[in-house]
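This structure is a prediction, so every number in the text was calculated from the model and none was measured. Protein chains get the first letters and strands the later ones, always in sequence-line order, with residue 1 at the start of each.
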Amino acid sequence: MSPVELVARNDLYTDGGTAQSPLEIREMTVSYGDQPVVYSVDMTVRPGAMTAIIGPNGAGKSTLLKAALGIVPALSGRVAVFGRPLENARHKIAYVPQRASVDWDFPTRVSDVVMMGLFGQLGLMGRVRGLHQERVYTSLARVGMQAFADRQIGQLSGGQQQRVFLARALAQGADLYLLDEPFAGVDAATERAIINVLHALRDEGKTVVAVHHDLSTVRSYFDDVFLINRRKMGAGPIDQAFTVPALQATYGGRLAEGQVAQLALDAG
Amino acid sequence: MGAEFVALSLPPMLIGTLAALACALPGNFLVLRRQSLVGDAISHVVLTGIVVAFLITGQIAAWPMMLGAAAAAVVAVTLIEVIQRLGRVDAGAAMGVTFTAMFAFGVLLLEQSDTSGVHLDVEHALYGNLESLIWLDAVGWSSLLDPAALAGLPHELTRMAIVFALTLAFILVLWRPLVLSTFDEDYARALGVPVRALGLGLVIVAAITAVAAFDAVGSIIVIAMFICPPAAARLMTNSLVHQVLWSLAFATLSALLGYILAGYGPLWVGLPNTVSAAGMIASVSGLILAICAVAAPRRRG
């Protein structure tokens, strides 16, 4: 290992310093085929904050999250989770994939899906005890789905599916929550339920990062924003980073005039 | 009656049942992962493996052929993975390309090499030789307690029992990560589950099962048992545990009923000859699937 690399590692993996970033990404580049989808992106997530990742379709928002978790391979880049290498800190992360990424016809019940969140604790052969079942039940209760514990997952609506995925993440008891479009195609009641849970997590000191689509709710839901269009286009607290010029730069011509006017109005 | 049954019918029935169980078990996960064709693919490439094993060793013996077949299966499974990743094509296409190409290569090898004088029987490959797996040392039920007689049991029985035990252990020990990565691959990866190794492990277990069963009962049963019992079981229940149990019940039923129908069915309807047990077992499993598709609680459409 070269000395240069050692220095670079040390400044990313801080090991025990105060106010470590829950998620720090350096020079992340991901490509599908020969087309780079995420290009040399740096990201530092503020602890205890709710951060929205926004950008146009195909901007690499989901890919950035997946590459940070090693779900898709990155060409280059480094990741630190609470100042540690990813592999030593996976138990601190709860990931909520896109709802549409799984087959909801799979033969399993709601409580079984939430129990998957306990795999880290149960391991291969660990026996499911009362406390594990309790954890599954309270996680479901937090998203208002306790009555559905014994339901087949195939019988759930889109909003209910999303809540079950969130409950599975809650069961993990993680410190960092990474959500991929948690509000995509859900009903208004579910959206409210989910945002309440996420705000409660933040108030407990947890860190939440979500890929988000609806620009009109960014200001009311989130504390920080991360703008991406293959490259990092801006980042920071809403007041400083969620500006009309930054959005126009991120979305190019794809942002409708009315949207821009509305956001300018909200900002004023 | 007892003596004849124990010597002539019990061993093939046990071997058929074990083969059916060993294939149906991993078949549950293959069907859920939309990889049902893996069994088919492996059964085809086995020919290539056997020919290569013969060319290397110059003899027709069980162990070299099993090893050759197993090696070919592992090569095929790896090729399927590689083609899928590098070519970015779906699993079905990757399997189709791999097993036809390897099967064709096996046929070419067979033609070009010096094996023409050797009797490599296509019929044997398809139907196996279930009816010939008899236990000559048996004199009756008491032989089951006689160590000397037990030593004369067909090798296929021991081999199939070991392979079934291995498959069962694999599924039981890795049940949680298998279910997790089959249902939600991305989430499993995020938790640090070695998803790719697990997927490869599953197909390799399926390959070992297929090769052992192929040797004992032929490829027809292998292909049928990977798909029919799990697919029929999927229609019976919405719980994966129950699905696996149903699939094992259907596999057992297919093997026993198929063997009996093949041996006695034609006599009952007045025909002079028995029919192939392997063919009948596969047919019964297909019939069970058809009945489930029409009448099972969960049928769709």
Exercise. Please walk me through it: do A:Phe183 and A:His213 pass ring-ring contact (aromatic ring centres under 6.0 Å, His included)?
Worked result: CA-CA 8 Å; A:Phe183 305 114; A:His213 250 303; over 10 Å; no
Under 4.5 Å, counting heavy-atom pairs only, tell me which of [options] racks up the most with chain B.
options: A:Phe106, A:Tyr32, A:Trp104; result: A:Phe106
options: A:Leu69, A:Ile93, A:Thr108, A:Leu122; result: A:Leu122
options: A:Ala68, A:Pro97, A:Ser101; result: A:Pro97
options: A:Ala94, A:Gly154, A:Gly126, A:Gly120; result: A:Gly126
options: A:Arg90, A:His91, A:Arg109, A:Glu87; result: A:Arg90

Segment of [X] engaging chain B (4.5 angstrom heavy-atom cut-off):
X: A:Gln98; result: neither
X: A:Val113; result: side chain
X: A:Tyr95; result: both
X: A:Leu86; result: neither

Exercise. What pairs of residues pass the salt bridge (charged side-chain N to carboxylate O under 4.0 Å, His left out) test when at least one of them lies in residues 191-210 of chain B, not counting sequence neighbours?
Worked result: none
For this session: Write out all pairs satisfying salt bridge (charged side-chain N to carboxylate O under 4.0 Å, His left out) with one or both partners inside residues 28-46 of chain B, taking only residues at least two apart or from two chains.
Result: A:Asp103-B:Arg34
For this session: Mark yes or no: A:Arg168 above the aromatic ring of A:Phe165, with NZ or CZ under 6.0 Å from the six-membered ring centre and no more than 45 degrees from the axis.
Result: yes
Exercise. Any donor-acceptor pair under 3.5 Å linking the side chain of A:Lys206 with the backbone of A:Leu198?
Worked result: no
Seminar exercise, completed: Bottom line for B:Leu32: the part with an atom under 4.5 Å from chain A's heavy atoms is side chain
Problem set entry | Part of B:Val193 within contact of chain A (heavy atom distance under 4.5 Å) | side chain
Exercise. For the candidates B:Thr237, B:Val179, B:Val241, B:Asp184, which exhibits the highest count of non-hydrogen atom pairs separated by less than 4.5 Å from chain A?
Worked result: B:Asp184
Problem set entry | Validation row, ring centre B:Trp175 to ring centre B:Phe29 under 6.0 Å | yes
Exercise. Do A:Arg135 and A:Gln121 get their side chains close enough for a donor-acceptor pair, meaning under 3.5 Å?
Worked result: yes
Exercise. Can you tell me if B:Asp90 and B:Gln84 form a side-chain donor-acceptor pair at under 3.5 Å?
Worked result: no
